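Written out below as structure tokens is the structure these notes cover.
Nothing here was measured: the structure is a model prediction, and the numbers come from that model. The analysis underlying the following values was restricted to heavy atoms, covering all of them including side chains, and did not include hydrogens, waters or symmetry mates.
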Amino acid sequence: MAKQNQNNSQTMAFQAEVKQLLQLMIHSLYSNKEIVLRELISNASDAADKLRFEALANGALYENDSELKIRIAFDKEARTVTISDNGVGMNRDEVIANIGTIAKSGTKEFFNSLTGDQAKDANLIGQFGVGFYSAFIIADKVTLTTRRAGETEAVRWESAGEGDYSIETVEKATRGTEITLHLREGEDEFLSDWKLKTIIRKYSDHITLPIVMKKSEWKDGVEVPTDEDETVNRASALWARSKNDITEEEYQEFYKHVSHDFESPLAYSHNRVEGKQEYISLLYIPSKAPFDLYDRERRHGIKLYVKRVFIMEDAEKLMPQYLRFVRGVIDSADLPLNVSREILQSSRDVDAIKAGSVKKVLGLLEDMAENKPEDYTKFWNEFGRVLKEGPGEDFANKDKIAALLRFATTKADTAEQNVSLKDYVARMQPEQEAIYYITADSFAAAQHSPHLEIFRKKGIEVLLMSDRVDEWLLGSLTEFEGKKLQSIAKGDLDLGKLESDTEKETQKKIEEEAKSLIEKIKTTLGDQVKDVRVTHRLTDSPACLVSDAHDLSGNLARILKAAGQNAPETKPILEINPTHKLVKRLETETDTVFNDLTHVLFDQALLAEGGVLNDPASFVKRMNSLIS
């Protein structure tokens, strides 16, 4: 993989995914070339933030130079643009890890989701976060020279963005990173003082560090750089400015900086809190889910600042897991500058900041759901399954979160999750006391479940729940506005006042007449079942399986098993429909056929609810003997 020569220079192959990403990016994002500068400046800003944080514990890392800045320069003759910073820098291993490979879980899934459609793929690449690699959109060769703060050895990395890169040890007097872009043919617009300054002010005005360039003056109609520096951006923390002083465009660009997302956010909330705690929060709801949303080890989210000094990213103590899609900054005036993850774990100030920030995010979502339903639908389609983790994680806000949830139901009978519990309750039948639901491992399995038959016949709406997280949700969300959530596949179904006296009488009569048949089926199935009884649920199917009221549902047991966890051993209850011709046939059959038909009915009921047969061969054999 690596070729090495005398002067400690190695040629190394890019990881396959990097090669693929570079090709995609150069072609898909070519129409948005200005983002190159934005991404590289954003990385330089992050490097300065990291140095500030590390220097809290070790001031020597500043090397007598604590004035952090980013410098942009260009050379018309050499056709290069250079972005340099005096941030934390990188050592050889970090360069290889950060640039030669993409060390992100979910990378494979990301590449599998690419379509070949350039416009769609450009969005996906944006979600992936391209950062440094964007340089190759306008450069056919990139040279990076870097020295880590506190170390003496510097490295130079160089690549033409094809299959490999070279890396060698060099001298560098100052810490930090310098990136030189050797421009492609036709990219001379970037060799203009005016053009570069316009891009910086447009995309990076909010960066808290000064972005410095040489002043230019016009001589004989030509732009000539002078020796005098000027700061191009405003270099003040955007979140600390007054709301009236910030344009919509600045809010959008700041979001792209903190999130490394290419798309604008759906909504944001900017708040200054004063009182017991003093802090500022600027929190965003993205419009697209990042590719690694379900990787609970991912390292991004909220950036924590103390008095404008960056402390850490992904401060998980500031936002619960079920809101892990939220991006933005929180800047506290009360926390100590040397705050550590350990202090965050047990700080009352942090708990108060977290509680206030969660309320702001939930309020933002409530407002969106009420006043911008189309945006809320977009949000739900991207993040709904994550929000469903909320009631189990955040008891204090359980009711607020429950009101934000959306479900598919039998009313529209489509997979679209667009019914709120409030909508459901408003449509409940006059005598209805419970919110009914069914869980299954796919929407089709829920929609076609035999358990729904009596509900469809009576026009009673049922929530169709098929996300894996739904079982976890239902462990915590047991009622809404005083109405109990009740599974239609658990316990003994009692429709109460939704059944007429005549229907109840008929049901009793059927149960009486089926007593001996029930006993015979019970004997035949033995310890495969907990019980056998006459159904209240079925109108068209011969049989179904239900769980006892306090047992795990069959769906949850299967989810736990698939996750390698031991589910408690529970047996299902078989309910039969004595009016169905297959069940009627049981009454007249010989013992051998009765035995086969009973087992087939049980296996069919198991398959209908998404279960897996223990002995498929026996099922096929019995089916064949019955139909031959």
Side-chain angles (χ1 to χ4, degrees), residues 267 269 271 281 283 285 289 293-294 296 301-302 316-326 330 345 348 350-371 373 376-377 379-409 417-428 432-439 461-488 490-491 549-550 552-553 555-556 559-560:
S269 172
N271 301 283
S281 66
L283 306 171
I285 310 287
L293 182 64
Y294 293 96
R296 290 174 84 96
I302 303 297
E316 66 278 357
K317 284 298 289 177
L318 295 171
M319 201 56 70
Q321 277 284 352
Y322 75 94
L323 295 178
R324 61 184 174 273
F325 50 82
V326 177
I330 290 173
Q345 296 294 339
R348 280 188 185 173
V350 170
D351 291 341
I353 291 171
K354 180 180 180 181
S357 302
V358 168
K359 277 201 168 58
K360 285 295 174 200
V361 172
L362 295 179
L364 199 55
L365 293 174
E366 284 167 352
D367 182 62
M368 199 194 301
E370 204 169 316
N371 301 313
Y376 194 75
T377 299
F379 162 78
W380 184 261
N381 291 339
E382 294 292 324
F383 303 108
R385 281 183 297 163
V386 178
L387 197 64
K388 282 181 178 179
E389 296 170 15
E393 280 183 26
D394 187 355
F395 185 78
N397 291 299
K398 188 159 76 167
D399 294 342
K400 269 180 180 294
I401 302 163
L404 290 166
L405 303 179
R406 297 292 181 265
F407 302 93
T409 80
Q417 297 181 8
N418 57 6
V419 176
S420 70
L421 291 174
K422 209 171 185 141
D423 296 336
Y424 181 100
V425 169
R427 290 199 290 259
M428 277 169 66
Q432 187 178 339
E433 290 169 355
I435 296 169
Y436 293 108
Y437 69 84
I438 181 151
T439 60
E461 191 172 3
V462 178
L463 307 179
L464 303 172
M465 301 175 75
S466 54
D467 289 336
R468 284 178 78 89
V469 70
D470 286 335
E471 293 283 1
W472 157 256
L473 166 68
L474 292 160
S476 314
L477 189 64
T478 53
E479 62 166 55
F480 180 77
E481 292 187 352
K483 308 283 184 191
K484 191 177 150 212
L485 269 77
Q486 187 175 319
S487 168
I488 65 167
K490 282 181 84 168
H550 302 295
L552 294 184
S553 70
N555 187 49
L556 179 54
I559 287 172
L560 291 172

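- Between the side chain of D367 and the backbone N or O of L364 there is no donor-acceptor pair closer than 3.5 Å.
- The closest side-chain heavy-atom distance from K484 to E433 is not below 4.5 Å.
- For Y436, the ring-ring contact (aromatic ring centres under 6.0 Å, His included) test picks out F455, with sequence neighbours left out.
- Atom CG of D394 and atom CD1 of I401 lie 4.5 Å apart (nearest 0.5 Å).
- Side chains of T377 and N418 form no contact here, defined as non-hydrogen atoms less than 4.5 Å apart.
- Here the CG atom belonging to L463 is positioned 9.5 Å from the CG atom belonging to D470, to the nearest 0.5 angstrom.
- Annotation: side chain of M319 is not in contact with side chain of K354 (no heavy-atom distance under 4.5 Å).
- A distance-only check finds no donor-acceptor pair linking the side chain of D423 to the backbone of V419 [under 3.5 Å].
- A salt bridge links R427 with E461: the distance from a Lys NZ or Arg NE/NH1/NH2 to an Asp or Glu carboxylate oxygen falls below 4.0 Å.
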Tabulate below the donor-acceptor pairs under 3.5 Å that side-chain atoms of residues 472-482 make, not counting sequence neighbours, or state none.
none

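- To the nearest 0.5 Å, the span separating CD1 on I353 from CD1 on I302 amounts to 12.0 Å.
- Side chain of Q486 to backbone of A434: no donor-acceptor contact under 3.5 angstrom is found.
- Within 6.0 Å of NZ on K360 lie no more than 12 heavy atoms contributed by other residues, nucleotides or ligands.
- No donor-acceptor pair under 3.5 Å is formed between the side chain of N371 and the backbone N or O of M368.
- Residues S357 and I330 approach most closely at OG-CD1, 3.4 Å, considering heavy atoms.
- Taking each heavy atom of D467 and R385 in turn, the nearest pair found is OD2-CG, 3.3 Å.
- Side-chain contact between V361 and I285 is present, with heavy atoms from C-beta onward closer than 4.5 Å.
- Residues A289 and E382 approach most closely at N-OE1, 2.8 Å, considering heavy atoms.
- Among residues two or more places apart in sequence or in another chain, the side chain to side chain contact (heavy atoms under 4.5 Å, CB included) test is passed with K483 by V425, M428, I435.
- There is no side-chain donor-acceptor pair under 3.5 Å between Q417 and N381.
- Closest approach of V462 to Y424, counting heavy atoms only: N-CE1, 4.2 Å.
- Classification of R324 and E389 as a salt-bridged pair holds, one side-chain N sitting under 4.0 Å from a carboxylate O.
- Residues N271 and L283 have side chains not in contact (no heavy-atom distance under 4.5 Å, counting atoms from C-beta outward).
- Counting heavy atoms from C-beta on, the side chains of F407 and L421 come closer than 4.5 Å.
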Worksheet item: Between K400 and E366, does a side-chain contact (heavy atoms from CB on, under 4.5 Å) hold up when you go through it step by step?
Response: CA-CA 8 Å; K400 269 180 180 294; E366 284 167 352; 3.5 Å; yes
Discussion item. If you apply the rule side-chain contact (heavy atoms from CB on, under 4.5 Å), what do you find for Y376 with R406, and how did you get there?
Written reply: CA-CA 10 Å; Y376 194 75; R406 297 292 181 265; 3.9 Å; yes
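- Taking every heavy atom of both residues into account, L485 and Y437 meet most closely at C-CE2, 3.7 Å.
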Item to complete: Show your working on side-chain contact (heavy atoms from CB on, under 4.5 Å) between F379 and F325 and close with a plain yes or no.
Response: CA-CA 11 Å; F379 162 78; F325 50 82; 3.7 Å; yes
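- Considering only heavy atoms from C-beta on, L365 stays 4.5 Å or farther from W380 through its side chain.
- When side chains are defined from C-beta on, L405 does not count as touching S420, because their heavy atoms never get closer than 4.5 Å.
- Here OG1 of T439 is found 3.5 Å from CD of E471. Values are rounded to the nearest 0.5 Å.
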